[in-house]
Amino acid sequence: MERGRRVSDYAEDGTVDLKGKPVLKAKSGGWKACSFLLVYEVFERMTYYGISSNLVLYLTRKLHQGTVTASDNVNNWVGTNYITPILGAYVADAHLGRYWTFVISSVIYLLGMCLLTLSVSLPSLKPPECHEMDVTKCKKATTLQLGVFYGALYILAVGGGGTKPNISTIGADQFDDFDPKEKAYKLSFFNWWFSSIFVGTLFSFTVLVYIQDNVGWALGYGIPTIGLAIAFITFMAGTPFYRHRLASGSSFTRIARVIVAAVRKRNVNVPVDSTQLHELDVEEYRKKGKFRINSTHTLRFLNKACVRSSSSTSEWMLCTVTQVEETKQILRMIPIWVATFIPSTMLAQTNTLFVKQGVTLDRHIGRFNIPPASLIAFTSFTMLVCVVLYDRVFVKIMKRFTKNPRGITLLQRMGIGIMIHIVTMIVASLTERYRLKVAKEHGVVQNGKQVPLSIFILAPQFVLMGLGEAFLEVSKIEFFYDQAPESMKSLGTSFSITTVGIGSFISSFLLSTVSSITKKNGHKGWVLNNLNASHLDYYYAFFVVLNFLNFIFFMFAAKYFVYRAEISDSIDVLAQELKEKRCDVSN
């Protein structure tokens with residue numbers, strides 16, 4: 001018994017062991033199981049960012065691509081990495097389950113990493129060295145060389161598509177929503193999850209990029225390959241402790257059935273009494289480890305799908321109330337999902353244009369030469385510190401005033417992150433304007449030589465990006481996981497991941513489009529291979545306007561968003577405890 005509630009020894013949220021049997025909470029799940037997953041994420045993120053952080057420099061210096069071409073290729077690859085999780089979520093939810101989808105994808109991921117390391121190591125798989133200032137004049141990579149390199153990159157994207165939407169979801173599944181104590185742990189899980197990510201990225205942006213720039217790309221990619229192998233072994237070692245959710249069929253098919261049924265019965269009147277709608281007994285759901293959802297009044301048109309009629313009882317004509325409500329929960333998240341595209345576009349600048357800016361500046365501290373991509377370490381370190389402070393300090397303070405176990409709502413946290421992104425791009429635009437002014441004063445505009453300014457003038461925009469992501473990125477993944485139906489958690493998690501991919505594609509599209517448009521009518525253009533002759537300050541100012549318009553859209557979407565009902569009363573229990581504690585303090 002816990003505060004008048006009976007707490008079962010077995011997980012009550014439908015999770016089972018790998019054989020499909022009920023699991024004892026004392027012997028599975030919790031932080032014990034999550035520790036293996038957190039270690040995996042440290043090494044996996046070290047691997048991914050060990051590639052993506054310096055990829056734009058490898059493409060320009062080793063494969064001799066121009067700034068716009070290299071940036072587009074990076075954005076397209078990153079975008080694909082974050083779009084393929086939709087496929088991984090579908091396979092996990094509909095067929096293999098999260099565990100086996102993750103295991104198979106991890107093997108593919110590791111094979112791709114081995115091939116990529118091989119492609120940067122063998123002289124025959126890359127063009128000869130070239131020291132021209134304009135790399136586009138150097139000998140280009142052959143079709144075979146590009147095929148092996150890009151083939152390896154996109155094999156990584158396929159493997160990552162199966163790991164990204166499932167690893168964090170597996171982690172969140174280790175906490176039982178029906179146990180208030182475990183629910184409290186779950187509210188902190190995503191903060192600590194991202195802390196592990198930041199540890200891995202911090203290593204990538206400091207140690208790995210230095211090795212790649214100063215020692216060699218073979219070792220710089222070989223270390224992440226070994227790290228990924230260690231990550232996979234660690235994950236497999238935790239198998240006896242994991243809780244699992246059974247595959248529940250295709251989420252996309254269930255959503256399609258509801259929409260098709262509602263459209264086909266568009267002329268049917270929805271009864272006022274929701275008990276007259278088609279629904280299964282609670283026991284039917286309990287046998288399958290699922291939960292029944294009561295009918296709501298939002299998106300009432302979809303309720304037509306569960307109105308009984310004499311015409312047909314096929315699954316494409318008659319759906320249950322629970323199916324309809326699951327579809328509503330997914331559709332309600334779409335406006336918020338769209339509102340996160342532009343912030344993800346801003347994040348894409350850190351691996352491309354922000355890094356290229358660093359190449360033009362003085363990177364020396366004594367005899368030490370700072371790799372341009374190392375500045376992203378400011379973003380990772382800021383995120384790491386802010387997330388820990390948020391969880392350990394900010395939440396505790398805010399809970400006293402809001403009575404919300406999370407401190408503030410997930411959408412409020414996302415809104416703060418979007419506002420910080422606006423400030424970030426304002427600072428980036430002003431900093432770039434100053435850099436161009438100094439370049440003009442020292443006569444290095446046309447020759448593209450180094451601007452006599454420390455690379456650390458870019459630090460504020462990297463720090464602000466980290467601060468914004470500490471609010472936005474953590475709340476984003478928690479929001480889409482939390483608000484997705486219980487049977488569609490992988491799909492919900494993939495929503496948060498795909499925003500990064502779509503943001504990268506938008507970044508690529510905007511960069512190419514703006515570069516092309518601003519070159520018309522004899523103008524030089526805003527983004528050139530020679531950044532000293534470019535106008536990135538205008539480009540960043542354009543992002544300020546874009547962010548502001550997106551923030552207005554987000555405010556409207558957040559205002560009308562309806563949070564889904566909790567499947568248990570654990571949140572209410574935690575909220576009541578906060579009220580009682582405050583009463584005790586007052587007394």
Side-chain angles (χ1 to χ4, degrees), residues 39-65 70 73-74 76-78 80-82 84 102-130 140-164 167 197 199-236 351-352 355 371-374 376-377:
V39 171
Y40 170 89
E41 194 65 7
V42 169
F43 283 102
E44 192 278 330
R45 291 292 84 185
M46 177 196 77
T47 301
Y48 174 76
Y49 285 106
I51 301 166
S52 66
S53 60
N54 235 6
L55 183 58
V56 68
L57 296 187
Y58 185 86
L59 294 178
T60 52
R61 292 176 179 176
K62 298 299 181 180
L63 297 186
H64 309 149
Q65 297 180 355
N73 285 331
V74 171
N76 290 335
W77 177 70
V78 171
T80 304
N81 262 279
Y82 287 96
T84 51
F102 179 86
V103 169
I104 294 171
S105 300
S106 293
V107 173
I108 297 173
Y109 200 163
L110 186 57
L111 290 175
M113 197 62 214
C114 292
L115 181 60
L116 185 65
T117 304
L118 195 66
S119 72
V120 302
S121 303
L122 298 180
S124 60
L125 292 178
K126 51 188 175 181
E129 290 285 338
C130 177
K140 301 296 182 183
T142 65
T143 303
L144 174 63
Q145 291 167 343
L146 290 176
V148 173
F149 183 77
Y150 283 115
L153 283 179
Y154 283 92
I155 289 173
L156 288 178
V158 173
T163 60
K164 285 184 176 70
I167 183 66
I197 290 176
V199 171
T201 57
L202 195 60
F203 182 84
S204 298
F205 297 142
T206 52
V207 178
L208 287 183
V209 295
Y210 178 81
I211 291 173
Q212 291 166 359
D213 273 17
N214 297 282
V215 180
W217 292 92
L219 181 61
Y221 278 18
I223 292 174
T225 303
I226 295 172
L228 188 62
I230 294 172
F232 180 64
I233 293 170
T234 302
F235 174 84
M236 296 303 294
N351 291 331
T352 53
V355 173
S374 287
I376 308 177

> To the nearest 0.5 Å, how far apart are OH in Tyr150 and OG1 in Thr143?
Replying inline: 12.0 Å
> Which atom pair, heavy atoms only, marks the closest approach of Thr225 to Leu110?
Replying inline: O-CD1, 3.9 Å
> What class does the angle between the rings of Tyr48 and Trp77 fall in, given that below 30° is parallel, 30 to 60° is tilted and above 60° is perpendicular?
Replying inline: parallel
>> Within the structure provided, determine whether Met236 and Val103 are in side-chain contact (heavy-atom separation under 4.5 Å).
In response: yes
>> If I take atom CD from residue Glu44 and atom CE from residue Met113, how far apart are they, to the nearest 0.5 angstrom?
In response: 10.5 Å
> Under 4.5 Å between any side-chain heavy atoms of Pro372 and Leu57, yes or no?
Replying inline: yes
> Looking only at atom types and distance, does a side-chain atom of Gln212 sit under 3.5 Å from a main-chain N or O of Gly50, one as donor and one as acceptor?
Replying inline: yes
> Which pair of non-hydrogen atoms, one from Ala377 and one from Leu202, has the smallest distance, and what is that distance?
Replying inline: O-CD1, 3.4 Å
> Given Leu153 and Thr80, is the side chain to side chain contact (heavy atoms under 4.5 Å, CB included) satisfied, shown in steps?
Replying inline: CA-CA 10 Å; Leu153 283 179; Thr80 304; over 6 Å; no
>> For a quick test of reading the model, state the closest non-hydrogen atom pair linking Gly112 to Ala152 and the distance between them.
In response: O-CB, 3.8 Å
> Does NZ or CZ of Lys126 fall inside the cone over Phe149's six-membered ring, less than 6.0 Å from its centre and within 45° of the axis?
Replying inline: no
>> Testing the basics here: between Leu63 and Pro127, what is the closest heavy-atom pair and its distance to 0.1 Å?
In response: CD2-CD, 3.7 Å
> Do Phe102 and Phe235 have their ring centres less than 6.0 Å from each other?
Replying inline: yes
>> Show me the pairs that pass salt bridge (Lys or Arg N to Asp or Glu O under 4.0 Å) and involve residues 205-218, at least two apart or across chains.
In response: Arg61-Asp213
> Between atom CG of Leu125 and atom CG of Leu146, what is the distance when rounded to the nearest 0.5 Å?
Replying inline: 11.0 Å
>> Distance check, rounded to the nearest 0.5 Å: Lys164 atom NZ versus Thr84 atom OG1?
In response: 6.5 Å
> Say you draw a straight line from CD1 of Ile155 to SG of Cys114; how long is it, rounded to the nearest 0.5 Å?
Replying inline: 10.5 Å
> Heavy atoms, side chains only, cut-off 4.5 Å: are Leu55 and Asn73 in contact?
Replying inline: no
>> Given 3.5 Å as the limit, does a donor-acceptor pair link the side chain of Thr163 with the main chain of Gly160, or not?
In response: yes
> For Ala157 and Asn81, which heavy atoms make the closest approach, and how far apart are they?
Replying inline: CA-OD1, 3.6 Å
> Do you know which of Leu208, Leu118, Asn54, Thr117 makes side chain to side chain contact (heavy atoms under 4.5 Å, CB included) with Tyr221?
Replying inline: Thr117
> Does the side chain of Ser52 reach to within under 4.5 Å of the side chain of Val74, using non-hydrogen atoms?
Replying inline: no
>> I'd like to know if the side chain of Ser119 reaches the main chain of Val148, judged simply by a donor and an acceptor atom lying under 3.5 Å from each other, with no hydrogens or angles considered.
In response: no
>> Ignoring hydrogens, what is the shortest heavy-atom contact between Ser204 and Met46? Give both atom names and the distance.
In response: OG-O, 2.7 Å
>> Tell me every residue that passes side chain to side chain donor-acceptor pair (under 3.5 Å) with Tyr49, counting only those two or more places apart in sequence or in another chain.
In response: none
> Under 4.5 Å between any side-chain heavy atoms of Ile230 and Thr234, yes or no?
Replying inline: yes
> For the atom pair OG1 (Thr60) and CD (Gln65), what is the distance rounded to the nearest 0.5 Å?
Replying inline: 8.5 Å
